[in-house]
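Remember, it's a predicted structure, so these values are computed and weren't measured experimentally. Letters A, B, ... are given to chains in the order of the sequence lines, protein chains preceding strands, and every chain is numbered from 1. Values reported hereafter were calculated over all heavy atoms of this structure, with side chains retained and with hydrogens, waters and symmetry mates removed.
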Number of protein chains: 2
Amino acid sequence: MTKVENISEYLLKNDIKPSYQRMRVFEYLTSKQNHPTVDKIYKELIKEIPTLSKTTVYNTLKLFMEKGIVTVVNIEDNEVRYDADTSLHGHFKCEKCEEIYDFKINPSNIDYGEIKNFKINETHLYIKGVCDKCK
Amino acid sequence: MTKVENISEYLLKNDIKPSYQRMRVFEYLTSKQNHPTVDKIYKELIKEIPTLSKTTVYNTLKLFMEKGIVTVVNIEDNEVRYDADTSLHGHFKCEKCEEIYDFKINPSNIDYGEIKNFKINETHLYIKGVCDKCK
DNA sequence: TATAAAAATGTAATCGCTACAAAAGTATAA
DNA sequence: TTATACTTTTGTAGCGATTACATTTTTATA
Ligand SMILES: [Mn+2]
Ligand SMILES: [Mn+2]
Ligand SMILES: [Zn+2]
Ligand SMILES: [Zn+2]
């Protein structure tokens with residue numbers, strides 16, 4: 001995704017008041033592009049924001065979802081991950097190193113089969129396997 | 001998917017002892033092709049099997065997963081659904097009627113982008129939108 | 001400043017799922 | 001058949017992620 005130069009402006013443009021916590025959560029999502037869980041975000045940020053509450057992380061991500069600047073990545077059924085890249089792209093999770101890779105998808109290559117005339121709002125492509133490093 | 005004529009034989013062939021509960025859970029998955037949650041399976045089957053325990057449904061699905069005769073459908077982050085059709089196909093969830101539609105995918109049409117030489121074990125394509133009936 | 005509104009925080013409650021032990025059912029051999 | 005071991009099911013207790021909600025803190029406005 002195109003790097004978000006000014007987080008404050010980006011949040012404002014998306015109808016979100018740029019509080020300190022919100023900016024730090026969004027910054028974390030965009031700098032590390034690691035599709036973190038709520039717990040991961042919380043554990044990393046509390047190192048630098050000792051007063052941070054996990055509820056705030058939940059509240060913030062919920063708001064970001066409503067405003068459409070983050071999406072959920074549901075690869076595993078027991079972990080919810082978040083992604084500040086809302087453009088169309090696929091996710092690959094390596095079953096050995098657990099790393100999640102983004103990969104490009106050509107929109108015109110997507111095979112919508114017999115639902116092609118339904119109204120399509122979101123497309124999610126998730127792949128599991130073994131990455132190059134672990135093969 | 002090709003209809004499973006004899007559930008007992010099918011389970012045995014997949015190294016699963018065909019207990020009454022296991023057969024009924026598998027039968028439910030294949031007859032109604034509605035991608036049910038654990039709770040849905042439990043609530044439906046307990047009507048006819050009054051002694052059924054929800055733990056048994058969890059145990060059974062876990063076993064089916066390990067033996068590879070069911071897959072998980074992770075469209076929403078707060079509901080885990082199960083599918084006895086393990087062949088490659090896509091899922092569409094209508095945001096209005098909540099119905100889940102299967103649709104065919106041509107394996108050769110899948111766009112693996114820059115991960116095409118990774119080892120691919122599972123491919124999941126999930127679409128959200130509005131179905132024809134609800135448009 | 002004073003006041004009101006918004007955001008962050010901490011705690012309690014909820015819910016899906018798992019762990020575990022006891023009960024029920026099934027297979028095997030004397 | 002009957003005894004014994006093994007498998008499966010069941011019920012309960014516990015865990016962990018998420019949400020609800022009241023309180024505190026921060027920010028905006030007069
Ligand atoms: Mn991504
Ligand atoms: Mn399906
Ligand atoms: Zn790897
Ligand atoms: Zn619909």
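Between the NZ atom of Lys62(B) and the P atom of dC17(C) there is a distance of 14 Å, given to the nearest Å. Distance, Leu63(B) CG to dT18(C) P: 14 Å, rounded to whole Å. Whole-Å rounding puts the Ile41(A) CD1 to dA17(D) P distance at 14 Å. With rounding to whole Å, Phe26(B) atom CZ is found 17 Å from dT8(D) atom P. Whole-Å rounding puts the Leu61(B) CG to dT9(D) P distance at 12 Å. Atoms OH (Tyr58(A)) and P (dA17(D)) sit 7 Å apart, rounded to a whole Å. Taking atom NZ on Lys40(B) and atom P on dC15(C), their separation rounds to 19 Å, with Å as the unit. In this structure, Leu12(A) places its CG atom 11 Å from P of dA28(D), rounding to the nearest Å.
Below 30°, between 30° and 60°, or above 60°: for Phe26(A) and Phe64(A) the angle between ring planes is above 60°, a perpendicular geometry. Below 30°, between 30° and 60°, or above 60°: for Tyr101(A) and Phe118(B) the angle between ring planes is above 60°, a perpendicular geometry.
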Worksheet, complete the sentence: Letter by letter from the 5' end, nucleotides 3-13 of chain C scores (B base, S sugar-phosphate only, - none; protein heavy atoms under 4.0 Å) ---SSSBBB--
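Asp111(B) places a side-chain N or O within donor-acceptor distance of the main-chain N or O of Asn106(A), the cut-off being under 3.5 Å.
Place Glu79(A) and Ile16(B) on DNA chain D by their nearest nucleotides, and Ile16(B) ends up nearer the 5' end.
Looking at residues two or more places apart in sequence or on another chain, you find a side chain to side chain donor-acceptor pair (under 3.5 Å) between Lys43(B) and Asp39(B).
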Identify every side-chain donor-acceptor pair in residues 127-135 of chain B under 3.5 Å, counting partners at least two apart or on other chains, and give the distances.
from, atom 1, to, atom 2, distance (Å)
Lys128(B), NZ, Glu76(B), OE1, 3.4
Lys135(B), NZ, Asn117(A), O, 2.5

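A salt bridge between Arg81(A) and Glu79(A) is present, with a side-chain N of the basic residue lying under 4.0 Å from a carboxylate O of the acidic one.
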